[in-house]
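One-based numbering along the sequence shown.
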Amino acid sequence: MGRLAAVAATGVCALSLAACGGSDDDEAFAGKSADEVADQAVKATRQADSMHVKGRVRQEGGGLLAVDVAVDRDKNCEGTLEQQGATAQVRHTGATLYLKGDEKYWRTSLKQQAGADKIVSKIVGKWVKVPAGDEQLSGLCDKQGLLAALDEDKSERKGMSNKGSTSVDGTPAVKLTKKSDGKTWTLYVASEGKPYILKATTTGGSQPESTTFSDYNKPVKPEQPPAGNTVDLKELAAQ
């Protein structure tokens, strides 16, 4: 399914390009430029204990991955992944990452693995313990690591415009936009309570992207999969 750590970071990197600039004010942020509003949003979002991320983000190879995951600063996470009709549930708890994919997911993921047919027949419908240190997946549950991309290149966070008040799923927000290289980045920032990022979109390219952020600071407590329905991928591969 590709480098999911990079995938998730790609979605957040779109935010870093849509984070700052401009001089228009919205009533909720009176006296603040779009630069300052976005800076506040980045800071608040990074400081949140947890959040729910949902959307379609681009992988390094150009494909789109649908992500629907709740994650916290302690790397607990729970949700689903989907690409080209292949789906998988994901849980990270107790420092262990588990996946429960359908047959298409595992056949795609293990196509380079010797004896893949035999392995797939044993893991479909079960929770699979992913080997520790698997960089392809571990980054998906690293909230702080994902959001670090917001501050990677502050020089790109210039030229935003404040387009005024709007709402995201019923939550009041201010809309910030930036056009660059034929694309439009849009960032929606909560205008009530803490200025969390609520949504980020990219339009104008060959494949639009959209990611929403919600359920800030809600506990993320994934259940440990039952032992009788769990298999160790590393042990299976060694057989």
Side-chain angles (χ1 to χ4, degrees), residues 1-19 38-39 41-61 63-83 86-101 105 109 127-154 156-157 187 194 196-200 202 209-225 230 232-234:
M1 297 293 289
R3 295 180 58 82
L4 299 189
V7 170
T10 297
V12 178
C13 281
L15 305 184
S16 69
L17 295 174
D39 280 341
V42 170
K43 182 177 180 179
T45 300
R46 294 194 67 178
Q47 291 178 343
D49 290 331
S50 64
M51 63 185 184
H52 183 174
V53 182
K54 183 177 182 180
R56 300 179 67 83
V57 294
R58 190 180 308 281
Q59 291 183 285
E60 288 182 329
L64 289 179
L65 178 77
V67 179
D68 187 350
V69 176
V71 60
D72 68 14
R73 63 171 59 248
D74 295 321
K75 299 185 180 180
N76 295 305
C77 78
E78 182 171 26
T80 60
L81 312 173
E82 186 275 326
Q83 184 183 44
T87 61
Q89 299 176 58
V90 58
R91 292 183 189 176
H92 191 280
T93 181
T96 302
L97 181 65
Y98 299 92
L99 283 173
K100 186 177 183 180
Y105 176 88
S109 299
W127 285 100
V128 177
K129 183 179 179 180
V130 177
D134 189 326
E135 295 182 357
Q136 290 186 335
L137 293 163
S138 59
L140 185 64
C141 295
D142 183 358
K143 172 188 175 290
Q144 297 306 90
L146 297 180
L147 294 179
L150 290 167
D151 282 334
E152 282 183 348
D153 190 350
K154 293 181 176 63
E156 295 181 327
R157 294 157 52 176
L187 187 70
K194 293 188 177 181
Y196 292 128
I197 296 170
L198 301 178
K199 186 177 181 180
T202 304
E209 300 173 29
S210 177
T211 305
T212 59
F213 301 82
S214 62
D215 295 340
Y216 281 99
N217 301 313
K218 288 190 176 181
V220 180
K221 298 181 178 180
E223 294 184 0
Q224 180 101 10
T230 302
D232 191 313
L233 184 60
K234 186 175 180 180

Requested in this report: Mind listing the closest non-hydrogen atom pair of P225 and T230 along with its distance?
Outcome: CB-OG1, 3.6 Å

Report task. Flag the pair T96 / Q224 as yes when at least one side-chain heavy-atom distance between them is below 4.5 Å, and no otherwise. Result -> no

**Report entry** Verdict with supporting geometry, S214 and K54, side-chain contact (heavy atoms from CB on, under 4.5 Å)
**Finding:** CA-CA 8 Å; S214 62; K54 183 177 182 180; over 6 Å; no

**Report entry** Chi angles and distances behind the side-chain contact (heavy atoms from CB on, under 4.5 Å) call for W127, R91
**Finding:** CA-CA 9 Å; W127 285 100; R91 292 183 189 176; 3.4 Å; yes

Query raised in the report: Does K75 offer a backbone N or O that forms a donor-acceptor pair with the side chain of D72 under 3.5 Å?
Result: yes

**Report entry** Trace of the side-chain contact (heavy atoms from CB on, under 4.5 Å) decision for V90 with T80
**Finding:** CA-CA 6 Å; V90 58; T80 60; over 6 Å; no

Report task. Could you grab the distance from atom CD of E78 to atom NE2 of H52, nearest 0.5 Å is fine? Result -> 10.0 Å

Requested in this report: Indicate the ring-plane relationship of Y216 and Y196, choosing parallel, tilted or perpendicular according to the 30° and 60° boundaries.
Outcome: parallel

Query raised in the report: Nearest 0.5 Å, what's the CZ-CG distance between R73 and N217?
Result: 8.5 Å

Query raised in the report: Can you name the closest pair of heavy atoms from C77 and V69 and give their distance?
Result: CB-CG1, 3.9 Å

Query raised in the report: Under the side-chain contact (heavy atoms from CB on, under 4.5 Å) criterion, do L198 and T212 qualify, and how do the steps go?
Result: CA-CA 6 Å; L198 301 178; T212 59; over 6 Å; no

Report summary line: Output for pair (E82 CD, D68 CG), nearest 0.5 Å, gives 11.0 Å

**Report entry** Considering all heavy atoms, the nearest A41-I197 contact
**Finding:** CB-CG1, 3.8 Å

Query raised in the report: Any side-chain donor-acceptor pair under 3.5 Å between Q83 and Y105?
Result: no

Report summary line: Nearest heavy-atom contact between F213 and M51 is CD2-SD, 3.8 Å

Report task. Please check if the side chain of K143 supplies one atom and the backbone of N76 the other of a donor-acceptor pair under 3.5 Å. Result -> no

Query raised in the report: Taking all non-hydrogen atoms of both residues, which atom of L187 and which atom of A200 are closest, and how far apart?
Result: CD1-CB, 4.2 Å

Query raised in the report: Between H92 and P222, which heavy-atom pair has the shortest distance, and what is it?
Result: O-CG, 3.4 Å

